[in-house]
Amino acid sequence: MPQNDCADTIPGRPISGSAGLDPQNWDSTRALGHRMLDDMIDWLSTARERPVWQQMPQALRAELRQPIPAGGEPIEAIYEDFRRLILPFSSANEHPRMMGWVNGGGSPAGFLAELLTGIFNVNCGGRDHAAIELERLVIAWAAEMVGMPKATTGVLLAGSSMANMVAVLVARRAALGVQVRSAGLQQARLTAYASEAAHGCIPRALDMAGIGSNALRQIPADANHRMRLDLLTEAIAADRADGATPFLVVGTAGTVDTGAIDDLPALADIAAAENIWFHVDGAFGATAALSKRFAPLLAGIERADSLAFDFHKWAQVPYDAGCVLVRDPALHIETFAQSLAYLTQELRGLAGNPPWPRDLGPDLSREFRALKVWMTLRAYGTEGIGRVVESGCDIARHLAARIASEPSLELLAPVVLNIVCFRVAAGAADLDALNRDIVADLQEAGIAAPSTTTINGRVAIRAALFNHRTVAADADALIDGVLLLAKRRNAFSREDRLE
Ligand SMILES: *Cc1c(COP(=O)(O)O)cnc(C)c1O
C-alpha cells in the first residue's frame, strides 16, 4: 500500500473553470455591504436609547446551533440571522453606560478601518508590502507616546495578555541566553516579582513560558494599592540567598481593580541595581501618556525594558489590538526569529524586508491590526485620545464626589485614574452579597453595567470609565440606580422578615 503519497491515491478530474467564491455580478454584494454599513451606523448611533445589556434568550441560543451547512445560503439570509440572533445581545462595549471591567468603546475611524482590513486581507506575518511598513510606523508612534527610544522594536498582538507573555519570553532569553529556546530552563530557577494587584495574565504568562506561576512573588501592596518596595527588595534578597535567579520585575501602570500606578522610577532603580529585567504592564494606563494632566503619573514608564499595553481599551481601537514594546531590538529578535526553509527571507522580491513581525512574536499569520490603530490615531490625534482619557478621569472624580455625598455609600479605594470602587455600606447583614446582587440587578435591568471586585476583603461595585460616549449624567444614572435597587432589596428583605 502506498504511504505518504496522497497525490497518487486520489484520482484527478477534468478541470473546468475556477471554484471561485466571488459573484458573477457584484451588484448584490455591493448593495448588501452598503445596507450593513447603514444599519450598523444606525445601531451604534442609537445605543443610548437601548438597555445597556440584555441576555440572549435560551431559545435563540438553541436556534443559533445549526448544523454545518453543506450547501451555501444567500448572504442576505445570514445577515438577517446576525441582526436577529447576535446584534441585540452584544457585550455592551458600544454603550455609554458600559462601566464594567476594562473595555474600550471602539470608534468610527476604527470600524471603517476594520472594513478595509477585511477586504484587503493581507497577512502581516511578514514579507515586503506596505502593511508591514505601517506596523513599523505604529510601533514607532507607540514608543514615542511613552518616551521609549527610537530603536525600540515591537509588535501588535491580540492584547496585553499576549504582550505580557512576549515580554516574559524576552526577559527569559535575557536571563538565560538564547540556548533557553532549545534547551529549556534546565536547572535554572527563575523568579519574578509583581504587586499582588498585578493582572492575572502575569502568572499565566509565567505558566505558559514553562517557568511556572509559582515563580511569581506577589508582593503585598500599600494602602494606595502600589507594590511595597521594601518587601520587593526583601523578596529578591531572599530568593538570591535561596539560590534562585531573580529575572523579572513587573510594574503595573494602572492596576485592573483600582487603577493604581506602581512607583515606576523606584522599580526601575531596583531592577537596574539588581540587574533584573524591568517590564511594565500598562494595559490601559499607558494611554494616559496622551493626557498632559495625567502623563506625569506614568513617570518612569520610559525606563522599561519592555512595555505591554492595549490600543483596544482607552485608545478606543476596535478589538483586538494589543502591543508590546522592547527596548533592545537584538534581544527581541533573538527571542523569536527562526530560520526555516519554507519561510526564507530573501534580499529581493516579496520575501524581502526583514525583520518581520513573525520574528518579534509568536504568530506567523496575523491580521492587519496596524491599519485600525493608524486610522484611529490619525483621525482623533493624540489630543483627541488624551481628551477621552481626561473625560474618563473627570467623570470618575464626579462619581467619587457623589459617593461621598450619599450617606449609604462608601468609597473603597482612592481614585487615581478612571476607576471607582465603592459599595452600599448599609442595609444588609451580608454587604458582599448585597453589592453583588445590586450589580447583577443593574445589568439585568439594563440601567448600567459596572462589574465587581474585592478590595481589602470587601466586595466592591467597580465603575471603570473607558467608553468615550459616557457623560457625567451616566455616572449619575449609575448612582441613582444603585440607590434605588438597594432600597428595593431592603424593602424585600424587610417583607421577608415580616412573613
Ligand atoms: C486588560 C488588562 C490586561 C489583559 O489585557 P488583554 O488585552 O485583555 O489581554 C492585563 N493587565 C491589565 C492591567 C489589564 O487591565
Side-chain angles (χ1 to χ4, degrees), residues 39-65 81-108 110-111 114 159 256-257 284 310 312-314 316-320 388 391-392 395-396 399 402 418-424 432-454 459-489 492:
D39 291 349
M40 289 308 288
I41 288 175
D42 287 345
W43 173 82
L44 191 57
S45 60
T46 55
R48 184 174 280 290
E49 295 157 28
R50 294 190 296 270
V52 61
W53 174 76
Q54 45 179 336
Q55 192 181 31
M56 185 177 189
Q58 288 305 330
L60 296 188
R61 290 176 204 241
E63 199 183 330
L64 195 60
R65 267 178 239 118
D81 274 358
F82 167 79
R83 286 183 52 83
R84 201 168 53 84
L85 299 175
I86 298 170
L87 187 60
F89 312 109
S90 84
S91 72
N93 284 352
E94 76 285 0
H95 202 287
R97 287 197 299 279
M98 169 60 167
M99 301 171 184
W101 304 277
V102 180
N103 280 260
S107 70
F111 75 68
E114 288 283 50
V256 65
D257 49 3
F284 68 88
D310 284 316
H312 59 217
K313 288 175 172 169
W314 231 350
Q316 314 295 325
V317 172
Y319 285 86
D320 50 31
V388 171
S391 164
I395 295 169
L399 201 48
R402 275 226 52 198
N418 59 337
I419 299 177
V420 183
C421 292
F422 67 104
R423 68 169 184 168
V424 177
D432 285 352
L434 175 69
N435 283 282
R436 245 190 224 109
D437 280 335
I438 288 172
V439 167
D441 289 348
L442 282 166
Q443 294 169 356
E444 287 178 355
I447 297 170
S451 53
T452 61
T453 190
T454 304
V459 169
I461 301 173
R462 177 179 165 286
L465 288 310
F466 282 98
N467 190 297
H468 59 93
R469 304 181 181 103
T470 306
V471 295
D474 295 309
D476 289 327
L478 169 69
I479 296 296
D480 295 343
V482 166
L483 294 173
L484 177 77
L485 292 167
K487 207 192 264 167
R488 241 186 236 166
R489 286 215 157 254
F492 287 143

Sub-4.5 Å side-chain heavy-atom contact between Arg462 and Val256:
yes
In Å, rounded to the nearest 0.5 Å, how long is the span from CG of Leu465 to OG of Ser391?
7.5 Å
Taken to the nearest 0.5 Å, the spacing of Arg50 CZ from Trp43 CH2 works out to 5.5 Å
Would you find a donor on one side and an acceptor on the other, under 3.5 Å apart, between the side chain of Arg436 and the backbone of Val459?
no
Just so I know, are the side chains of Glu444 and Trp53 near enough to count as touching, which here means a heavy-atom distance under 4.5 Å?
yes
Between Val439 and Pro450 the two heavy atoms that sit nearest each other are CG1-O, 3.6 Å
Non-hydrogen atoms of Asn418 and Phe284 that approach each other most closely:
OD1-CE1, 3.9 Å
Euclidean distance, Ser91 OG relative to Met98 CE, rounded to 0.5 Å:
6.0 Å
Is there a donor-acceptor contact under 3.5 Å from the side chain of Thr46 to the main chain of Glu49?
no
Atom pair OH/NZ of Tyr319 and Lys313 - distance to nearest 0.5 Å
7.0 Å
With no hydrogens and no angle check, is any side-chain donor or acceptor of Asp310 less than 3.5 Å from a backbone partner on His312?
no
Is there a donor-acceptor contact under 3.5 Å from the side chain of Arg489 to the main chain of Ile438?
no
Atom pair CG (Leu478) and OG1 (Thr470), whose distance is rounded to the nearest 0.5 Å:
10.5 Å
Of all heavy-atom pairs linking Gln316 and Val388, the shortest is NE2-CG1, 3.6 Å
Answer yes or no: is there a donor N or O on one side and an acceptor on the other, between the side chain of His468 and the main chain of Gly106, under 3.5 Å?
yes
Within the side chain of Ser90, is there an N or O that forms a donor-acceptor pair under 3.5 Å with the backbone of Leu87?
no
By side chain to side chain donor-acceptor pair (under 3.5 Å) - contacts of Thr452 (at least two apart)
none
Arg402: what forms a side chain to side chain donor-acceptor pair (under 3.5 Å) with it, not counting sequence neighbours?
Glu406, Asp476, Asp480
In this structure, CZ of Phe422 is separated from CG of Leu399 (nearest 0.5 Å) by 5.5 Å
Using a strict cut-off of less than 4.0 Å between a Lys/Arg side-chain nitrogen and an Asp/Glu carboxylate oxygen, indicate whether Asp441 and Arg488 qualify as a salt bridge.
no
Give a yes or no answer on whether the side chain of Asn467 reaches the backbone of Met99 with a donor-acceptor pair at less than 3.5 Å.
no
Residues at least two apart in sequence or cross-chain that pass side chain to side chain donor-acceptor pair (under 3.5 Å) with Asp474, listed by chain then number, are Arg48, Arg97
Tell me, do Val471 and Pro96 make a side-chain contact under 4.5 Å, heavy atoms counted?
no
Answer whether the closest heavy-atom distance between the side chains of Leu64 and Arg61 falls below 4.5 Å.
no
